[in-house]
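Here's the structure we're looking at; comments come further down.
Just so it is clear, the values below take in all heavy atoms, side chains as well, and ignore hydrogens, waters and symmetry mates. Each chain gets a letter, A, B and so on, in the order its sequence line appears, and its residues count up from 1.
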There are 2 protein chains.
Amino acid sequence: MSSTGKLANIVERIETRIDTARLVSGQRLIEADLTREFGISRSLLREAFRQLAAEGAIELVPNRGAVVRRLSRNEALELFEIRTELEGMAARRAAGRMHEPAVRHSFETATQCLFSEAQTSGAQEYIAENEAFHRAIFIAAGNDTLSDLARKMRLPLIMSQLSGALTAGILATSLEEHRSITLAILSGNAAQAEAATREHLVRATQFVSGVPESLFRSCPD
Amino acid sequence: MSSTGKLANIVERIETRIDTARLVSGQRLIEADLTREFGISRSLLREAFRQLAAEGAIELVPNRGAVVRRLSRNEALELFEIRTELEGMAARRAAGRMHEPAVRHSFETATQCLFSEAQTSGAQEYIAENEAFHRAIFIAAGNDTLSDLARKMRLPLIMSQLSGALTAGILATSLEEHRSITLAILSGNAAQAEAATREHLVRATQFVSGVPESLFRSCPD
DNA sequence: TTGTGTTAGATTGTCGGACAATATTGTGGG
DNA sequence: CCCACAATATTGTCCGACAATCTAACACAA
């Protein structure tokens with residue numbers, strides 16, 4: 001657990017609501033409501049808002065307060081292009097660390113559900129598993145700063161925003177790619193792991209290109 | 001100019017002081033001093049602190065307030081490894097955009113001082129020029145999200161923290177590498193631009209490895 | 001002298017209320 | 001139905017308060 005302070009707690013709670021789509025993209029966060037609900041002061045909530053905004057979870061519009069972040073198509077594409085690099089790097093490094101038992105073990109544990117019988121049912125469940133999978137790669141890469149950076153890219157947020165365009169076929173393809181990546185990493189083949197990961201991300205980028213305009217925010221003000 | 005609010009202004013002013021080493025790594029920021037100096041309330045200052053912390057400029061230690069961020073060696077190395085990827089990507093993309101007149105022109109303008117007679121004198125001046133150069137690459141890459149990310153890596157901050165280990169030789173080598181990168185980008189040779197940039201970053205990483213322990217923070221708490 | 005416990009002061013964490021500025025909503029007239 | 005305008009809701013910023021915690025000075029014993 002990071003900071004044990006009250007504020008960190010609030011930040012986490014709001015973050016969780018966003019990542020689990022209990023708060024959806026574009027939704028407005030009214031100070032009065034949240035202070036009442038959490039039983040905290042406006043000062044504290046506003047500090048939490050600042051932090052959440054700097055971390056990319058919400059957006060602060062002058063004189064209009066906080067809204068759950070909603071990406072434009074261009075922002076989403078930029079984000080996925082960056083992820084392609086960072087996650088390629090992470091997969092490469094992760095593969096190179098699979099000979100360390102502790103690293104290997106925790107990666108195996110985190111990915112074993114990919115090979116279980118249980119089918120992923122809904123979009124919401126997929127989003128959570130997807131996030132867990134990608135996080136596992138970053139953790140296995142052993143660069144904490146990188147993990148932090150990846151977290152700030154808000155994968156669950158954007159997937160939730162685009163969830164209306166997720167089809168069963170896409171989920172199946174994604175799952176298959178996750179398996180390939182996992183096998184490449186576990187085999188210790190860094191080049192293959194990086195290549196598979198980049199392919200996966202390129203496909204995700206193409207997916208974003210095809211999502212109907214209505215799911216995005218119009219102007220990136 | 002981004003947000004026109006009062007808070008954004010305060011954030012910028014503190015940021016500038018850090019980037020120009022008027023506030024140095026590890027230095028403590030006392031709320032009472034800054035509220036008096038800026039003529040603002042504690043609420044506002046504390047919101048600014050939150051944002052600066054989330055952006056990596058300062059660190060908030062529970063019950064001890066804000067200090068200008070001071071990296072451990074490991075954090076610095078992690079940061080440079082990430083930069084190697086992101087800046088390689090940026091250089092590649094920048095090279096691919098040099099045929100667009102506007103992009104080319106602004107990149108040429110930003111880099112022309114690299115080829116002027118004027119020698120960089122002190123470390124402080126080098127740090128500023130170094131930041132400007134690297135930012136120019138990210139801007140030329142045409143991915144705003146990426147530029148933002150790069151900014152949050154706080155190059156001036158870390159260079160300032162390590163400035164005690166900068167020698168004339170290092171500055172000269174760096175300048176030479178900057179020139180090579182610039183030429184590769186201007187030539188539109190993406191592969192070469194990326195390679196040269198990665199080499200430059202790898203050398204920077206090696207530099208970090210050799211810096212005496214005293215310039216780093218001990219435990220990354 | 002040096003180490004140590006204590007106490008006073010400095011600083012932060014959080015709260016509550018206040019008020020102007022701005023945004024949103026509701027209402028009546030055209 | 002659309003527009004102007006008043007009423008309300010919400011945010012931006014300030015102030016002062018208080019307990020919790022940290023820091024520094026100081027006295028005292030070894």
Which nucleotide sits closest to the side chain of [X]: [options]?
{"X": "B:Arg28", "options": "C:dT12, C:dT14, D:dG12", "result": "C:dT12"}
{"X": "A:Ile30", "options": "D:dT10, D:dC15, C:dT24", "result": "D:dT10"}
{"X": "B:Ser41", "options": "D:dT11, C:dT24, D:dC14", "result": "D:dC14"}

Margin query: Does B:Leu29 reach a base, just sugar-phosphate, or nothing at all? Heavy atoms under 4.0 Å.
Written below: sugar-phosphate
Margin query: I want to check something: taking the side chain as every heavy atom from C-beta on, are A:Arg217 and A:Glu75 in contact at a cut-off of under 4.5 Å?
Written below: yes
Note to self: Once hydrogens and angles are ignored, does a donor-acceptor distance under 3.5 Å link the base of C:dG17 to the side chain of A:Arg42?
What the structure shows: no
Rounding to a whole Å, what distance do you find between [X]:[atom1] and [N]:[atom2]?
{"X": "B:Lys6", "N": "D:dT11", "atom1": "NZ", "atom2": "C1'", "answer": "15 Å"}
{"X": "A:Arg64", "N": "C:dT24", "atom1": "CZ", "atom2": "C1'", "answer": "9 Å"}
{"X": "A:Glu31", "N": "C:dG16", "atom1": "CD", "atom2": "P", "answer": "15 Å"}
{"X": "B:Leu44", "N": "D:dC15", "atom1": "CG", "atom2": "C1'", "answer": "13 Å"}
{"X": "A:Phe49", "N": "D:dT13", "atom1": "CZ", "atom2": "P", "answer": "15 Å"}
{"X": "A:Arg50", "N": "D:dG12", "atom1": "CZ", "atom2": "P", "answer": "7 Å"}
{"X": "A:Ile40", "N": "C:dT14", "atom1": "CD1", "atom2": "C1'", "answer": "10 Å"}
{"X": "B:Ile10", "N": "D:dT13", "atom1": "CD1", "atom2": "P", "answer": "10 Å"}

Checklist line | Under 3.5 Å donor-acceptor, B:Gln161 side chain and B:Ser25 backbone | finding: no
Next item on the list: Would you kindly compare B:Gly65 and A:Leu45 by the position of their nearest DNA chain C nucleotide and give the one closer to the 5′ end?
Entry: B:Gly65
Note to self: With a 6.0 Å cut-off (strictly less than), is the heavy-atom count around CZ of B:Arg97, excluding the residue itself, greater than 12?
What the structure shows: yes
Next item on the list: Heavy atoms only: give me the nearest B:Phe216-B:Ser72 pair and the separation to one decimal.
Entry: CD2-C, 3.5 Å
